[in-house]
Structures are given as C-alpha cells and as structure tokens.
Amino acid sequence: QYSITLPIGMAEEVEKKIQAGNYASVSEVMRDGVRALLDRDAALERWLQEEATKSYDEYKADPSRAIPANQVMQRIRERGASRQANASKE
C-alpha cells in the first residue's frame, strides 16, 4: 500500500473524475492510471521490437537508402506547417 502526494492540479483532476461519477475512489483513479501507463509501456516496447528494430536492420542491410536527419526534420516541419495552415482555414 502506498501514500502519495500529487500536485494540486493533478489532485483536482482526480477529484473531478470522482465527482463526475467516472470513478468511485482515488484508489480506483490511480489503478486506472497505472494500467494506462503499463499499456503505454507495452505499446512502446512492441513498437521498438516490431518497427524500430526492423528499420534499423533495413538500414544496416542497405545504408544507401537512409534519409539524412536534416531531410527528415524538414519534412516534419513542412507537414506541421501544412496542418497549421489547414487548421486555420477551418
């Protein structure tokens, strides 16, 4: 059994969940939060095993197919700018 201290903002959010009827107690909120954390960790581990490892192996097999980091970052910036432009049109 644990005793924890939450920042005021987090404690207020926990209390809102209980007051809204989503949870019966602080312990229930905490258990759900830990389950979500474990799920996230498992998803990250799956991604690392299934996708990241595969990409690394592909790179090692043929380094000439690699995309330089600066080009990747430029593509990310362009996509972000495009999304912002589209969002402002709505």
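Everything numeric in this text was worked out from a predicted model, so none of it was measured. The residues of the chain are indexed from 1 along the displayed sequence.
Met30 has its side chain within reach of Ile4: a pair of non-hydrogen atoms, C-beta onward, lies under 4.5 Å apart. Side-chain contact check for Arg77 versus Gln74: some heavy-atom pair is nearer than 4.5 Å.
Partners of Asp62 according to the side chain to side chain donor-acceptor pair (under 3.5 Å) rule, which considers only residues two or more places apart in sequence or in another chain, are Ser64. Shown here are the salt bridge (charged side-chain N to carboxylate O under 4.0 Å, His left out) partners of Arg35, two or more places apart in sequence or in another chain: Asp32. In this structure Tyr59 satisfies the side chain to side chain contact (heavy atoms under 4.5 Å, CB included) test together with Pro63, Ala66, sequence neighbours excluded. Residues that satisfy the side chain to side chain donor-acceptor pair (under 3.5 Å) test with Glu15, not counting sequence neighbours, are Gln19. Residues passing the side chain to side chain donor-acceptor pair (under 3.5 Å) test with Glu28: none are found, sequence neighbours excluded. Checked against side chain to side chain donor-acceptor pair (under 3.5 Å), Glu45 has the following partners two or more places apart in sequence or in another chain: Gln49.
Grouping the Ile, Leu, Val, Met, Phe, Trp and Tyr side chains by contacts below 4.5 angstrom, directly or via other members, places Tyr2 with Val14. A chain of hydrophobic side-chain contacts below 4.5 Å, direct or via other Ile, Leu, Val, Met, Phe, Trp or Tyr residues, connects Met73 to Ile67. By the rule that hydrophobic residues join a cluster once side-chain heavy atoms approach within less than 4.5 Å of another member, Tyr56 and Val72 end up as members of separate clusters.
From Arg65, atom CZ reaches atom OG of Ser55 across 10.0 Å, with rounding to the nearest 0.5 Å.
Side-chain atoms of Thr53 do not come within 3.5 Å of backbone N or O of Glu50 as any donor-acceptor pair.
Of all non-hydrogen atoms in Ile18 and Val26, the two that sit nearest each other are CD1-N, 3.5 Å.
Looking at Glu78 and Arg75, no side-chain N of the basic residue comes within less than 4.0 Å of a carboxylate O on the acidic one, giving no salt bridge.
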